Every structure is written in structure tokens, then in C-alpha cells.
Amino acid sequence: MRSTDIRSTFLGFFQERDHRVVPSSPLIPSDPTLLLANAGMNQFKPYFLGETTPDHPRAVSVQKCARTSDIENVGRTTRHTTFFEMLGNFSFGDYFKAEAISWAWELLTRHYDLDPRRLWVTVYLDDDEAVRLWRRVGVPSERIQRLGMEDNYWSMGIPGPCGPSSELHYDRGPSFGREGGPAVDGERYQELWNLVFMQNLRGEGSGKDGYPILGELPARNIDTGLGLDRLAAVLQGVDTVCETDLLAPTFRLVQEMAGRIYPGRDGSEDSTSFRVVAEHSRSVAFLIADGVMPARDGRGYVLRRLMRRAIRHARRLGIDGPALPALASSVVGTLGETWPELSRRSELIEQVVTAEEEAFERTLRHGSQILDAAIGRATTAISGRTAFELHDTYGFPIDLTVDAARSAGLTVDEDAFADLLEEQRRQAHHAGRGRKGSAVARQDLYRRVAAAHGLTDFVGYSCETAETRIGALLGPDGQVPAATEGDELEVTLTRSPFYAESGGQVGDTGTIRTSGATLDVVDTRPGLDGLHVHTVRIVDGEVRPGDEAEAIVDADRRAATARSHSATHVLHAMLRRTLGDHAAQQGSRVEPGRLRFDFAHFSPVDTGLVQTLVNDYLLDDPEVRVWEATRTEAERAGATALFGERYGADVRIVDIGDASRELCGGTHVGHGSQAGPVHIVGESSIGTGLRRIEALTGADALRHHDRAASLLEELAVLNVRPDQAPDRLRQRLETLAETQRQLASLRLARLDAEADRLGSLAEPTPGGRLVARVVDDVTGADLRALASKVLSRGADVVVLGTAADGKAMLVSAVGPRPAGAGVQARDLLTGAAREVGGGAGGKGPVASAGGRRPENLERAVAVAARTVRDLPA
Ligand code: SER
């Protein structure tokens with residue numbers, strides 16, 4: 001069975017059982033506590049938590065998932081992958097265990113025709129009900145095993161919904177491992193399908209310490225996940241996902257490029273490398289298509305590690321040229337029809353992997369140099385610290401360090417390396433944990449507030465003021481019963497006209513008035529999806545939950561923000577028009593009068609052209625139309641969807657004229673001309689394949705022009721019209737340069753004349769021919785030059801002093817002829833410097849000194865002269 005048929009059979013089976021098909025969410029989740037989408041249920045989390053009610057209580061999906069916590073194992077086993085498609089059916093407080101179990105069994109044995117005798121089942125320890133239900137569909141007791149929390153209790157890995165699970169496993173036969181069921185050997189009895197009876201809420205902690213179960217969810221739900229890759233391998237009779245039709249073309253390409261045949265699953269390093277290269281190429285293509293860009297941390301780092309690991313294993317196999325571009329493009333070729341985002345972003349994918357592979361090559365070269373130096377220094381071992389530095393600073397992988405050391409007959413202190421790595425992990429973990437811990441606690445608080453008062457009724461699309469009521473007052477440690485003048489805290493309202501920061505647009509500010517208090521709203525954010533949290537300062541009076549209030553948005557600021565938001569959409573459209581579809585939004589910040597827009601592109605952009613296009617478009621005064629549709633309708637209508645949007649019943653679409661259509665929840669102007677003018681003030685690279693444009697909008701753009709114009713006015717000092725100013729200025733600069741050249745040669749001539757004069761005054765002494773004088777009208781810098789010139793006029797020792805800017809300057813110079821007892825320029829000035837209240841410095845034939853008492857210069861020069869005269873003959 002082809003993988004396309006596997007998908008459609010699954011969707012069809014559940015559609016017939018009244019499930020609604022929901023598209024996969026992007027790999028970048030909208031859930032801020034989750035790094036990458038890791039299960040079909042992610043996008044439904046608010047339903048499980050009871051925060052939102054779905055339109056329909058049953059759903060079915062094919063979800064793109066990435067799991068990379070155990071990346072080092074991927075490729076070693078035949079069953080782990082960093083990317084996979086999860087087939088899932090879901091019940092939101094509707095059907096439960098009985099249906100989930102019997103449908104899973106029916107689908108596997110009757111539609112996918114798996115041999116029931118090869119299917120094994122695991123259940124959570126005391127889940128007798130599940131055992132009974134499995135027995136009822138015909139699974140014999142000896143193929144049902146009970147396992148603990150670690151295997152049969154599922155959560156997202158972070159606080160949230162969770163529950164006991166039951167898994168279906170397929171016996172792949174003795175060549176894969178030992179007898180005895182999934183409890184004994186997970187490689188032989190491979191998990192295919194996980195049925196989660198989602199009914200609890202988990203708190204913080206990891207699987208091993210056992211995280212606390214905080215209680216029951218509002219309803220009992222079903223969340224299942226069937227691995228498409230694994231099922232395809234079974235149905236297509238192959239050993240690994242790489243040999244299924246999902247990856248086979250890429251896998252063949254790896255072998256072609258390496259000029260070798262995959263040895264089969266023989267446990268060798270080579271066998272692992274073949275699988276890693278193909279599997280990671282697929283993950284890389286999907287991540288980039290969903291908007292992940294390589295970075296030093298977060299999901300960007302996950303992507304970078306995947307690319308680097310793939311490149312390393314490709315090199316191991318002897319693939320020396322660029323590997324990823326061809327491999328990623330073969331992934332697009334295989335899966336681009338099912339997942340059109342791959343085809344849409346194919347150009348970007350190629351650019352990113354090409355750039356990253358080149359950068360990694362440089363890293364490896366640079367690291368190799370440092371490693372070679374370390375090898376040169378070492379006698380028996382490379383220290384753990386050097387290995388760690390290579391890894392940490394240069395991104396140079398430890399196994400390469402070990403390999404290179406081994407070839408040079410050295411070892412690497414791997415224990416010390418591991419200690420340093422562990423130390424770094426611990427620190428990062430602590431740092432992350434504190435932040436995450438408090439963020440999680442705050443989310444819990446918002447959840448309780450939402451449960452007690454409901455979500456916010458947001459009325460801000462149509463009004464800027466609203467009659468409302470204070471919901472909860474939230475201090476740093478939780479809800480408070482009242483707040484008074486001077487307090488700063490968070491407030492929720494039953495209805496609110498304040499836009500909560502999202503989609504890059506800043507939150508609204510303004511005022512909340514009750515009969516007894518005035519509150520300054522300094523920011524508004526979403527505490528939860530749909531719960532607006534207003535950060536306020538109480539200006540006067542006292543406020544309590546339940547107080548009636550009037551909420552008033554700062555309308556000028558809102559209008560200035562709307563201008564920037566509409567301008568951002570038009571900028572996005574014009575960038576794509578000029579650069580191509582790949583120039584998609586990667587991030588944005590929309591503020592009053594200002595915007596920042598990050599997009600995918602590889603070279604500098606002609607901002608003059610883009611700015612003209614944007615302004616022309618806005619000046620045509622296109623109508624701004626906001627409408628709602630289902631996500632599918634919106635996509636069909638060609639709306640540009642941004643990453644990380646959550647599945648919801650309806651989406652909001654903003655059209656500006658014909659060229660711009662985006663899914664967007666922000667606030668906008670009514671007509672294009674209200675947004676302009678737009679003035680681009682900056683364009684720069686902010687990472688591989690990522691660029692940023694910054695621009696001013698509306699009144700701020702005008703003010704910018706005004707400032708520029710008034711600067712131009714000041715050019716009136718040039719006595720010409722502003723348009724002639726550049727030419728006039730160039731002329732003036734040339735004249736100035738010429739004058740400076742003349743001055744310099746005059747100064748030189750004067751110094752020469754002065755040097756002649758001083759040279760003629762040389763007096764013979766035991767230390768050689770001496771010139772020691774105080775001179776006038778010479779700058780400090782010229783004094784040194786003058787001293788050297790006097791030497792060339794026949795003197796052997798020169799001491800000069802001058803007063804400049806109220807300070808004393810002294811210089812001494814000693815000629816090349818061995819003079820007297822070999823007097824040092826600097827020693828000559830020691831006593832002299834003291835006379836002018838300073839110190840001497842300099843090494844070699846010229847020394848200088850400075851001090852604050854120019855009135856003593858004559859005496860100082862005399863002291864130096866005496867030193868020379870008193871030298872032994
Ligand atoms: N959420 C469960 C899993 O990921 C079932 O879909 O395994």
C-alpha cells in the first residue's frame with residue numbers, strides 16, 4: 001500500500017465515523033511552551049484543557065511532527081526518526097476507550113489487513129477496563145502486557161493534558177530481537193499506534209522523577225497517534241522507513257552520491273550513516289518549509305544540528321561535495337505533492353541548506369587548524385577543555401576531535417569533556433527552568449482566572465471605548481482583592497477594546513476609569529489565547545474586582561499602529577512581487593509609526609525601489625477589507641498564512657487592494673492612503689538567508705522628512721540653493737584640501753629653517769655636539785620632527801623644549817654616532833621632566849616628556865644639558 005493510500009484510508013475511515021478532517025498545524029507551534037510540534041494533539045490542547053470549545057467534537061488529522069530530544073540515537077535504531085507524520089483521531093469529551101480501541105483494531109486488521117496474530121497490546125498498569133476491551137475485540141491475554149508510567153502514560157513532555165495510554169505493537173519477527181512482547185524488546189515489537197485516554201493535567205517535572213498529576217481535565221478525551229512511517233514499513237514489507245516510498249528516492253540518492261550500496265541493517269556505522277543522511281534531509285526540508293531558520297539556539301539550533309549531523313554522516317560515507325541541496329530537493333520531489341509547502345518553499349530550502357553546508361565547511365576548516373595546533377602541542381592527550389572549546393566555540397564535533405587525535409596517536413580526555421558539557425547543560429537547564437517555571441505558574445494563574453471569569457470579550461475591532469467590569473486583579477504572587485494609588489499590576493476585564501500584543505503588533509495602551517479610580521494601561525498582552533491581560537498603574541483611587549469601568553484606548557497611538565500594520569502587509573506583498581515568493585515573512589514588529597519586517601532572502605535589497613512600490617500602492621488608496629472564512633476557504637483564496645497559527649474554526653483575513661491578502665488578527669486602517677507615507681530607514685542581514693527592513697510610517701515618516709529638509713535648509717550657509725549644495729560642497733572640500741597641502745609644506749619649510757638655525761648653535765661637549773634650547777611656536781608633534789632634523793644638521797645630542805596649550809613639552813634625541821659614554825635619550829630627560837612637574841617616556845633614540853609647569857622650561861633644558869656636559873670625557 002502506497003503511503004498516499006495509507007493516509008487516505010485513515011482519514012476516510014474516521015470521516016465515515018463522523019470525524020472532521022483538520023489540516024496539520026505547522027511545525028512551529030502556536031503554544032509558546034513547546035519548541036516544535038511533537039504530536040497530533042498539540043493544536044487541540046485548548047480543547048482538552050477546556051479553554052475553548054471546538055465546533056465539532058471529533059477530529060482526524062495527519063500531523064507533521066518533529067522529535068529531536070534523543071537525536072543521537074536516531075539512525076542507530078531502525079524505528080526512531082526526527083520527523084514523522086502522525087495519523088490521529090481525536091475525541092473532545094465525546095467517545096472514549098471502547099470506541100477508540102475497537103476502531104483501532106478494526107482499521108488495522110480489516111482495512112490495513114495486518115495479521116492479528118502479530119499484534120501485541122500494552123496498557124497502563126491498573127487499566128483493567130482497557131484490558132477488558134482488548135479482550136473483547138479478540139486479543140488473547142498472553143499478548144496484552146501491563147507497563148508503567150514511563151511506557152504507558154503519555155504527556156507532551158511539558159505541563160498540560162496527559163493520561164494513561166494503550167499501545168498497539170507489531171511483531172517484526174525474530175531477526176529484529178528477542179521474544180517476549182513489547183515489554184522485552186521494543187525494536188522487534190515495534191509500537192505502531194498509541195491510544196491516549198486523555199483525562200488528567202500534569203505539572204512540572206520529568207518522566208523519571210514522576211511529574212505530579214494535578215487533577216482531572218474537564219472532560220475525558222481521546223488522542224491517538226499512529227506512525228505513518230512505521231505502518232508504511234510494515235505494509236511495504238521493508239525494514240526501515242528509509243526504504244518506504246516516503247524516503248526511498250532520497251535514500252537511493254545517498255547511495256548514488258556515496259557510490260556505494262546500503263549494507264542493510266547490519267549494525268555497522270555505515271548502515272547508520274546511510275539512514276541518518278536520508279532521514280535528516282527530510283526533517284531539514286520540512287523545518288525550513290515551515291519557517292525555521294538555522295540559529296544558535298531554540299528551534300533554529302535543532303535545525304542546525306540536524307544539518308550538521310547529516311553533513312558529517314555524508315562525509316563519513318565519502319560524499320565530499322555539497323550533499324544537502326540535492327538531498328533536500330529529492331525530498332521535495334517525493335513529498336511536495338502531499339505537502340505543498342515543500343514545493344512552495346523549494347527555492348528557500350535549497351538556499352538555506354547550501355549556505356549552511358558552506359558555513360559548516362568553514363567551521364570544520366577553522367576548527368581543524370585549531371585542532372592541528374592542539375595536536376602539535378600535545379604529548380599524549382588533548383585536554384577536555386580544548387575539546388570542549390572546539391565544540392562550544394567553533395561548533396566542531398567531538399567525534400571529529402577524537403578521530404583526528406587518534407590518527408595522531410593521541411587520546412582525548414573525554415571524561416573531562418563530558419564533565420564540562422554536563423556543567424554547561426546544568427547551567428542552561430537551571431536558567432531555562434527558572435524562567436519556564438515562573439511562566440508556567442503564571443499560565444496556571446491565567447487559566448484559573450479564565451475558568452472563574454471567562455475569556456475576554458474583545459470589542460476592539462469596532463470600538464475604542466467600552467463599558468465593562470473589572471475581572472481579576474493580578475499581583476506578582478496571584479490574585480489580590482484590591483489595589484490603590486501607585487500600585488502596578490495586571491487587570492482583566494470582562495470586555496475590552498484593548499488589542500493584546502500578537503502577530504507582531506504591540507498591545508494597546510490607554511485608560512480604565514471606575515467610579516473610584518483611574519488606571520493607566522501601559523500594555524496589553526494575551527495571558528492565554530483569548531484572555532487579555534492589561535498591565536496597569538493605578539493613578540488614583542482604589543479598584544476591586546467586579547467594579548464597573550469604562551475602558552478607553554489611546555486612539556492616536558492605535559491609529560499610528562494601524563498605519564504601520566497595514567504598511568507591513570503592503571511591504572510584504574511588494575517584497576514578494578520584486579524578489580519572489582520565497583521572500584516570506586519570518587517575523588515582524590508593528591509599533592506606532594514604526595515597523596520592523598524580517599523576511600527570507602539572500603542578498604541586499606534595493607530599498608529605493610521597494611519604497612516607491614509601497615508608497616505608490618498605498619497612494620492608489622486601495623480599500624482595506626477584513627473578512628472571516630474557514631481556514632480551508634482562506635487557503636483556497638490564496639491568503640498568506642503566517643507560521644505558528646493555531647487551528648480554529650474561522651480565520652480572519654485582511655485584504656489591502658488586490659495584491660495583499662493575509663491571515664491576520666491585527667488592527668488596520670480603512671484605506672491604503674491613511675497608512676502612508678512609508679520611509680525605509682534600514683535594511684540589513686540578520687542571519688543566513690534572513691534580512692530585516694525597518695521603516696517609519698505616517699506622521700513619523702513625515703517628521704523624518706521634515707528633519708531632513710531642515711538640515712538641508714542649513715546648507716544656506718553655502719550661499720546656494722539646496723539643489724546646488726552638493727556641488728558647492730565638493731568644490732569647497734577640494735579648496736580646503738589644497739589649502740591644507742600648502743600649509744603643510746610651509747610648515748615643513750619653516751621647521752627646516754629652524755633646524756638649520758639650531759644646528760649652527762651646536763656646542764662640543766664630552767657627550768658629543770649638543771643642542772639644548774627652548775623654542776617658540778612649535779606644536780608638540782612638530783617638536784619631535786624638529787629634534788630629528790637638528791640631528792641631521794650635525795648635532796649628536798638634542799634637547800628641545802616648548803610650551804604648547806599651557807603645558808611643557810620636552811624632547812631629546814641622540815644620534816647614531818657613539819657619543820660619550822653612550823647616553824640614553826630617555827635618561828637625559830629624567831631630571832628635566834621633574835623640573836616641569838612631569839615624567840619622561842619613550843625607548844630608543846628619541847624620548848619625550850611633558851609637564852604642567854611651562855615656566856620652568858629653561859631650567860629643565862639646562863638640567864638636561866648639564867647631564868651631557870658633565871659626562872666623563
Ligand atoms: N499524543 C500521543 C502520542 O504522541 C498520541 O497521539 O503518542
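One-based numbering, in listed order, for ligands and for the atoms of each. Quantities reported herein were computed from a predicted structural model and do not represent experimental measurements. For this chain, numbers begin at 1 and follow the sequence in order.
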Distance-only donor-acceptor pairs under 3.5 Å for side chains of residues 137-148, two or more places apart:
| unit_1 | atom_1 | unit_2 | atom_2 | d |
| --- | --- | --- | --- | --- |
| S141 | OG | R135 | NE | 3.2 |
| R143 | NE | L119 | O | 2.9 |
| R143 | NH2 | P116 | O | 2.9 |
| Q145 | OE1 | A183 | N | 2.8 |
| Q145 | NE2 | G180 | O | 3.0 |
| R146 | NH1 | L125 | O | 2.7 |
| R146 | NH1 | D128 | OD1 | 2.9 |
| R146 | NH2 | D128 | OD1 | 3.0 |

Show me the donor-acceptor pairs within less than 3.5 Å that the side chains of residues 212-227 make with the rest of the protein, sequence neighbours left out.
| unit_1 | atom_1 | unit_2 | atom_2 | d |
| --- | --- | --- | --- | --- |
| N221 | OD1 | G93 | N | 2.9 |
| N221 | ND2 | M198 | O | 3.2 |
| N221 | ND2 | A219 | O | 3.1 |
| T224 | OG1 | N89 | N | 3.1 |
| T224 | OG1 | N89 | OD1 | 2.6 |
| T224 | OG1 | W193 | NE1 | 3.0 |

### Query
Who pairs with W154 by ring pair (Phe, Tyr, Trp, His ring centres under 6.0 Å), at least two apart in sequence or on another chain?
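In terms of ring pair (Phe, Tyr, Trp, His ring centres under 6.0 Å), with neighbours along the sequence ignored, W154 is linked to no residue.
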#### Entry: Within the 4.0 Å heavy-atom sphere of ligand 1, strictly under, residues
A39, M41, R67, M86, W154, N194, V196, D223, T224, G225
### Message
If you apply the rule side-chain contact (heavy atoms from CB on, under 4.5 Å), what do you find for D151 with Y124, and how did you get there?
### Response
CA-CA 8 Å; D151 297 288; Y124 183 60; over 6 Å; no
### Query
Can a donor-acceptor pair be found between the side chains of S330 and T250 at a distance below 3.5 Å?
yes
### Message
Taking E243 first and then R275, would you say they form a salt bridge - that is, a charged N and a carboxylate O separated by under 4.0 Å?
### Response
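A salt bridge is absent here (no side-chain N lies under 4.0 Å from a carboxylate O).
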